[in-house]
Amino acid sequence: MVTSQARAAELMRAARVGAEAEWERPEPSVLLVEDDPGDALLVEELVADSALKMRLRWVRSLTEAAQALATEVPDCVLLDLHLSDARGLEAVSLLQAHAEQVAVVVLTGLAEEETGLAAVAAGAQDYLVKGRVEPELFGRAVRYAIQRKQAEQAAVALQASQMQAQENARLERGLLPRPLLRAEGVNVVARYRPGRAQALLGGDFYDIVQSADGTVHALVGDVSGHGPDEAALGVALRIAWRTLVLSGIAGSEQMTRLEELLVAERAREEVFATLVSLAAVPGEQRAHVVRAGHHGLLLRRGGDDVEWVEVPGGPALGMLPGGAHWPIAELPVPTGDSVVLFTDGLFEGHVSRGPQRLGEEGLLALARKAAGLPPEAFVDRLIERAEELAEERGGLADDVAVVHLSWN
């Protein structure tokens with residue numbers, strides 16, 4: 001007659017020999033952490049007699065369990081609370097540190113039901129009393145433990161998603177303000193489109209403010225990187241810019257103040273921001289532009305043509321703290337012309353499966369094809385066409401902010 005110890009040893013050898021192949025099968029996988037060969041044999045018999053077919057792997061200690069979990073993630077762990085290297089609730093805590101996403105069913109003795117309940121309170125999905133479990137109950141306990149763990153994970157993921165959506169909405173409200181216009185005669189079209197990884201907002205931002213003397217001020221900027229820190233920094237820069245405009249601070253001094261804020265608020269020293277700020281007095285047929293590391297802009301010529309315009313500028317904010325200068329460039333804007341400011345997400349998307357990007361020339365070509373459209377349709381067409389061309393690569397990867405300004 002085969003002894004319990006011999007059968008347990010055979011179980012362990014078989015599990016170790018075919019471990020990798022076994023874990024690739026579709027049945028639920030179970031890791032047994034048990035240092036007593038006799039109890040391991042009882043579990044083996046329960047598995048064999050259970051209606052729920054499962055794959056069993058046996059290890060003798062929490063140390064061996066940690067090694068196994070480093071290479072394979074089971075659906076469920078059967079955990080003895082009296083191991084050589086961990087006991088009681090400590091064993092549950094240490095196991096969860098290695099496999100927080102795995103369902104845990106603890107194995108207790110006849111007089112340890114209170115310990116089993118405490119283990120469930122500590123994070124285990126269920127407990128079983130050794131020697132008092134029928135095969136049907138065993139299979140049901142494992143199956144329900146796996147389902148409860150999956151439900152817990154789904155609930156946590158849903159809550160995290162909802163919290164992230166709420167946070168993104170708060171940040172988006174800060175990044176995307178309503179234009180502050182005091183008089184008629186200025187037509188503003190503003191658009192913001194998140195990139196394909198829209199769970200994380202980028203640092204693109206814009207703003208439009210008309211001061212008491214009628215001057216229209218517009219801003220488009222982009223904080224390097226993606227995530228809540230970058231989005232929050234974009235909000236801070238936008239609000240600071242609006243405050244400076246309403247306080248009458250413009251030009252290079254405005255950029256200096258914004259850079260001081262960026263350096264104080266950025267999470268890492270390598271973070272920087274590019275932006276372009278424009279100020280135009282209605283009727284003067286010109287605009288004053290300050291550019292900090294930002295690319296050029298589009299100038300619509302009377303609805304018949306579009307030009308890409310580069311004006312003199314300085315470095316991005318945060319690149320040379322305290323040592324940069326940003327000149328004020330004058331841009332002629334004759335009656336009937338429009339100015340379009342935007343972030344680089346509009347033209348940096350891949351347009352094929354290779355390394356090719358739309359680029360500045362590609363964006364200009366799209367703009368010229370849409371030159372005859374009214375402002376709103378023109379902006380929407382640019383974004384739609386840029387996204388269509390990047391569709392094979394999953395769409396535009398970066399956020400896009402666009403501001404279209406025209407004067408009656």
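Note that the coordinates shown come from a computational prediction; the quantities given were computed from them, not determined experimentally. Note that these values count all heavy atoms, side chains included, but never hydrogens, waters or copies made by symmetry.
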Trace of the side-chain contact (heavy atoms from CB on, under 4.5 Å) decision for Val271 with Asp229: CA-CA 10 Å; Val271 173; Asp229 289 341; over 6 Å; no

Starting from the C-alpha separation in whole Å, work towards a yes-or-no answer on side-chain contact (heavy atoms from CB on, under 4.5 Å) for Leu78 and Glu34. CA-CA 8 Å; Leu78 299 175; Glu34 172 64 73; over 6 Å; no

Using the test side chain to side chain contact (heavy atoms under 4.5 Å, CB included), find all partners of Leu69 that sit at least two apart in sequence or belong to another chain. Leu31, Pro74, Leu95, His98, Ala99

SB check Glu230 Arg268 (cutoff 4.0 Å): yes

For Lys369, is the NZ atom crowded, meaning more than 12 foreign heavy atoms sit under 6.0 Å from it? no

Closest contact, heavy atoms only, Val290 versus Gly251: CG2-CA, 3.9 Å

Under 3.5 Å donor-acceptor, Asp75 side chain and Ser29 backbone: yes

Charged N-O contact under 4.0 Å between Glu72 and Arg57: no

Hey, which of Asp39, Leu56, Val59, Val47 is the one that makes side chain to side chain contact (heavy atoms under 4.5 Å, CB included) with Leu32? Leu56

Ser211 versus Asp213, closest heavy-atom pair with distance: OG-OD1, 2.6 Å

Got Val339 and Leu299 here, is their nearest side-chain heavy-atom distance under 4.5 Å? yes

Against Leu317, only a single residue in Leu261, Leu258, Val263 fulfils side chain to side chain contact (heavy atoms under 4.5 Å, CB included); can you say which? Leu258

For Arg381, look at atom CZ and say whether over 12 heavy atoms of other residues, nucleotides or ligands are found less than 6.0 Å away. no

Donor-acceptor under 3.5 Å (Arg291 side chain, Val311 main chain): yes

Between Trp407 and Ala280, the two heavy atoms sitting closest are CZ2-CB, 3.5 Å

Can you find a pair of side-chain heavy atoms, one from Ile383 and one from Leu346, that are under 4.5 Å apart? yes

Could you check whether any side-chain heavy atom of Val402 comes within less than 4.5 Å of a side-chain heavy atom of Val400, counting everything from C-beta outward? yes

Are Gln125 and Val104 packed together at the side-chain level, in the sense that at least one heavy-atom pair is separated by less than 4.5 angstrom? yes

Asp398 side, atom CG; Asp344 side, atom CG - distance, nearest 0.5 Å: 5.5 Å

Between Arg286 and Glu330, is there a side-chain N and carboxylate O pair less than 4.0 Å apart? yes

Holding to side chain to side chain contact (heavy atoms under 4.5 Å, CB included), I want the full list of residues that pass it with Gln96, two or more places apart in sequence or in another chain. Val92

Glu136 atom CD, over 12 foreign heavy atoms within 6.0 Å: no

Residue Glu269 excluded, over 12 heavy atoms near CD under 6.0 Å: no

List the atom of Ala86, the atom of Glu90, and the distance in Å for their closest heavy-atom pair. CA-OE1, 4.2 Å

Do the side chain of Arg266 and the main chain of Gly318 share a donor and acceptor less than 3.5 angstrom apart? yes

Drop me the distance from Trp326's CH2 to Thr256's OG1, to the nearest 0.5 angstrom. 5.0 Å

Counting distance only, does the side-chain N/O of Arg368 pair as donor-acceptor with the main-chain N or O of Val306 below 3.5 Å? yes

Counting only N and O atoms by type, is there a donor-acceptor contact under 3.5 Å from the side chain of Ser247 to the main-chain atoms of Ile249? no

Checking the side chain of Asp85 only, and the main-chain atoms of Ser61 only, is there a donor and an acceptor separated by less than 3.5 Å? no

For a quick test of reading the model, state the closest non-hydrogen atom pair linking Arg300 to Ala371 and the distance between them. NH2-O, 2.6 Å

How about Phe205 and Leu219: do any of their side-chain heavy atoms sit closer than 4.5 Å? yes

Can you find a heavy atom in the side chain of Phe342 that is under 4.5 Å from one in the side chain of Leu363? yes

Got a second to check how far Arg257's CZ is from Glu260's CD, nearest 0.5 Å? 7.0 Å

I'd like to know if the side chain of Gln254 pairs up with that of Trp241 as donor and acceptor (distance under 3.5 Å, no hydrogens or angles considered). yes

Without swapping roles, check the side chain of Ser252 against the backbone of His325 for a donor-acceptor pair under 3.5 Å. no

Just how far is it from atom CG of Asp35 to atom CZ of Arg60, taken to the nearest 0.5 Å? 8.5 Å

Side-chain touch Arg148/Asp126, heavy atoms, less than 4.5 angstrom: yes

Nearest 0.5 angstrom please: Met319 CE to Glu259 CD, how far? 10.0 Å

Verdict with reasoning, His217 to Ser277, per side-chain contact (heavy atoms from CB on, under 4.5 Å): CA-CA 7 Å; His217 302 263; Ser277 178; 5.7 Å; no

More than 12 non-hydrogen atoms from neighbouring residues, nucleotides or ligands closer than 6.0 Å to CD on Glu284, yes or no? yes

Hey, are the side chains of Val220 and Leu297 touching, using non-hydrogen atoms and a 4.5 Å cut-off? no

Show, in sequence, the C-alpha distance, side-chain angles and deciding distance for Glu348 and His295, and conclude whether the side-chain contact (heavy atoms from CB on, under 4.5 Å) test is met. CA-CA 12 Å; Glu348 287 201 340; His295 50 75; over 6 Å; no

When rounded to the nearest 0.5 angstrom, what is the spacing between CG in Leu366 and CZ in Phe347? 12.5 Å

Is it the case that more than 12 heavy atoms not belonging to Glu100 sit under 6.0 Å from its CD atom? no

Thr343 and Asp222: side chain donor to acceptor below 3.5 Å: no

Closest non-hydrogen contact found for Leu89 with Thr115 is CD2-O, 4.3 Å

